[in-house]
Amino acid sequence: MNKIYLFNLILFTTFVSCQSKQENNLKAQLGTLNVELTETFLSSKADSIDLTDVLRLTQKEYDDLQLSKVKGLEGYELSDLTMGQVLLDNANGTILTIQIITDGEITEYLLSYDKDGNLVDNLIVAYEDMVEYYSEISSKINSDLITVQTVNFTYGDEDGNQTEASDTAIAKYQITPEFKFVMN
């Protein structure tokens, strides 16, 4: 009986020791993969874009960016899409933006890619409705935190009276070491 107890104790101690080393190795790996971006403000404003001088994406760029996998881009023409800015490009992956510019709206998506160039995640980070002004989205990225502010406008009350009001919603996302955008 003592031999079985001693054997189980050794087995348990070895398991706990190995488990602890694995957790420490994982923590060390995650520590080296921290995503830190410089402070960036994203806001789609029609008056900040020269709509006559926008370089549209080519089919090759569309394919290379794997944009067919991005939900929300269905129905847009290639001529509606343009590159935004590259926010991070290193050995661990890439984070960039693309813009959708149409006659009535400007939308900006944040896209992340792993070290092999595979699309990991996407998030709408800026939007302006240039026709009816019912909503506006802007974002601030600081290090590995994304703060998305959405303002919804209303122009009338329940009785049909002309009024102007708005409500604001704030959502916060963390950029994980795997380049996912996870809501806080």
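Heavy atoms only: backbone and side chains are in, while hydrogens, waters and symmetry mates are out.
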| query | Among pairs that include at least one residue of residues 68-77, which meet side chain to side chain donor-acceptor pair (under 3.5 Å), considering only residues two or more places apart or in two chains? | reply |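 Those involving residues 68-77 are Q66-K69, Y76-E105.
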
| message | Please evaluate residues I175 and I146 with respect to the criterion side-chain contact (heavy atoms from CB on, under 4.5 Å), reporting the C-alpha separation (whole Å), side-chain torsions for both, the decisive distance (0.1 Å), and the verdict. | response | CA-CA 7 Å; I175 304 172; I146 306 167; 3.7 Å; yes

Separation between [atom1] of [X] and [atom2] of [Y], rounded to the nearest 0.5 Å:
X	Y	atom1	atom2	result
I106	I100	CD1	CD1	11.0 Å
N142	E39	CG	CD	4.5 Å
M183	L123	CE	CG	8.5 Å
Q149	S139	CD	OG	9.0 Å
L73	L67	CG	CG	6.0 Å
Q99	E108	CD	CD	4.5 Å

How far apart are the closest heavy atoms of [X] and [Y], and which atoms are they?
X	Y	answer
L96	I98	CD1-CG2, 4.1 Å
A91	K115	O-CB, 3.1 Å
Y173	L145	O-CD1, 3.3 Å
L88	N90	CD1-ND2, 3.5 Å
F181	L111	CZ-C, 4.3 Å
G104	D129	O-OD1, 3.4 Å

| request: With sequence neighbours left out, write down each residue that passes ring-ring contact (aromatic ring centres under 6.0 Å, His included) with Y134, or none if nothing qualifies. | output: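 In terms of ring-ring contact (aromatic ring centres under 6.0 Å, His included), with neighbours along the sequence ignored, Y134 is linked to Y155.
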
Side chains of [X] and [Y] in contact at under 4.5 Å (non-hydrogen atoms):
X	Y	value
L57	M83	yes
F179	I95	yes
V120	K180	yes

| field | T58: side chain to side chain donor-acceptor pair (under 3.5 Å) partners, not counting sequence neighbours | value |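 If we apply the side chain to side chain donor-acceptor pair (under 3.5 Å) test to T58, skipping adjacent residues, the hits are E61.
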
Flag, side chain of [X] to backbone of [Y], donor-acceptor distance under 3.5 Å:
X	Y	answer
S143	E36	no
T107	Y127	no
D114	D116	yes
Y109	A126	no

| Co-membership, hydrophobic cluster, residues L110 and V86, 4.5 Å side-chain | yes

| What pairs with Q59 under side-chain contact (heavy atoms from CB on, under 4.5 Å), at least two apart in sequence or on another chain? | Y62, D63, L78

| field | Partners meeting side-chain contact (heavy atoms from CB on, under 4.5 Å) with D103 (sequence neighbours left out) | value |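 Once residues adjacent in sequence are excluded, D103 has no partner under the side-chain contact (heavy atoms from CB on, under 4.5 Å) criterion.
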
| field | T94 and D89: CA distance, side-chain angles, deciding distance, side-chain hydrogen bond (donor to acceptor under 3.5 Å, both in side chains) verdict | value | CA-CA 4 Å; T94 303; D89 189 14; 2.9 Å; yes

What pairs of donor and acceptor atoms, side-chain ones from residues 162-170 against any protein atom, are under 3.5 angstrom apart with sequence neighbours left out?
none

